[in-house]
Amino acid sequence: GPPAEKVYEDPRNSNLLVWIGAPGRGRLCPRDMAGVSPWDSSVQGGDATWEGIRVYRGKILSLDKHLRRLYKSAKSLGFENVHSKEEIMEAIFRTLAANGMRDGAHLRLTLTRG
């Protein structure tokens, strides 16, 4: 594939760690190692929900509102095996800490049916 500098517009993103995994089995991994199974519902039928979350001066903007909306969307799509709020918050905070993100960061939190 193309070199990293051609793929990642913002050089701060080239060595990110991302959180992936099913409920109870999440983990951090290098961005270039993350992937979605071709059998995942998001690939097979576009079956996913996501929130774009901003971080400013060490604070996550409107996290509770984002999580309420995410859960509402997951429920309306009929998702049954959804991460707990605690699991999602742990994943967010661990990901931010692992990447040294404290200001001007944007997260794309995505849930799929699996």
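Being a predicted model, the structure only gives us computed values, none of them experimental.
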(request) Considering only NZ, NE, NH1 and NH2 on the basic side and carboxylate oxygens on the acidic side, decide whether Asp47 and Arg113 come within less than 4.0 Å. (result) yes
(message) Against Met101, only a single residue in Leu16, Thr95, Val55 fulfils side-chain contact (heavy atoms from CB on, under 4.5 Å); can you say which?
(response) Leu16
(message) Between Ile60 and Leu96, is there a side-chain heavy-atom distance shorter than 4.5 Å?
(response) yes
(request) Over all heavy atoms of both residues, which pair between Thr110 and Ala48 is shortest? Give the atoms and the distance, please. (result) CG2-CB, 4.3 Å
(message) Test your reading of the model: is there a side-chain donor-acceptor pair from Tyr71 to the backbone of His66, 3.5 Å cut-off?
(response) no
(message) Once rounded to the nearest 0.5 Å, what's the spacing between atom CG of Leu109 and atom NE2 of His83?
(response) 8.5 Å
(request) Run the numbers on Asp64 and Lys85 for salt bridge (charged side-chain N to carboxylate O under 4.0 Å, His left out), then give the verdict. (result) CA-CA 10 Å; Asp64 285 333; Lys85 182 178 179 181; 3.3 Å; yes
(request) With the side chain counted from C-beta on, respond yes when Trp50 and Leu111 share a heavy-atom pair under 4.5 Å apart, and no when they do not. (result) no
(message) Would you say that Thr112 contacts Val36 through its side chain, given a criterion of any heavy-atom pair below 4.5 Å between the two side chains?
(response) no
(request) Provide the closest heavy-atom pair for Val18 versus Ala34 in the form atom of the first, atom of the second, distance. (result) CG2-CB, 3.5 Å
(request) Please check if Leu63 and Trp19 belong to a single hydrophobic cluster, counting links between Ile, Leu, Val, Met, Phe, Trp and Tyr side chain heavy atoms closer than 4.5 Å. (result) no
(request) Answer yes or no: is there a donor N or O on one side and an acceptor on the other, between the side chain of Glu87 and the main chain of Pro23, under 3.5 Å? (result) no
(message) So, taking the atom named CD1 in Ile20 and the one named CG in Leu28, what distance separates them when rounded to the nearest 0.5 Å?
(response) 9.5 Å
(request) Would you give the length of the straight line joining atom CD of Glu51 to atom OG of Ser73, rounded to the nearest 0.5 angstrom? (result) 6.5 Å
(request) Could you pull out all residues at least two apart from Lys72 that satisfy side chain to side chain donor-acceptor pair (under 3.5 Å)? (result) none
(message) Nearest 0.5 Å, please: how far is NZ in Lys65 from CG in Leu67?
(response) 13.0 Å
(request) Working to the nearest 0.5 Å, report the span between SG of Cys29 and CG of Leu17. (result) 7.5 Å
(message) Are there over 12 heavy-atom neighbours, none belonging to Arg69, within less than 6.0 Å of that residue's CZ?
(response) yes
(message) With rounding to the nearest 0.5 angstrom, report the CE to CZ distance, Met89 to Phe93.
(response) 4.5 Å
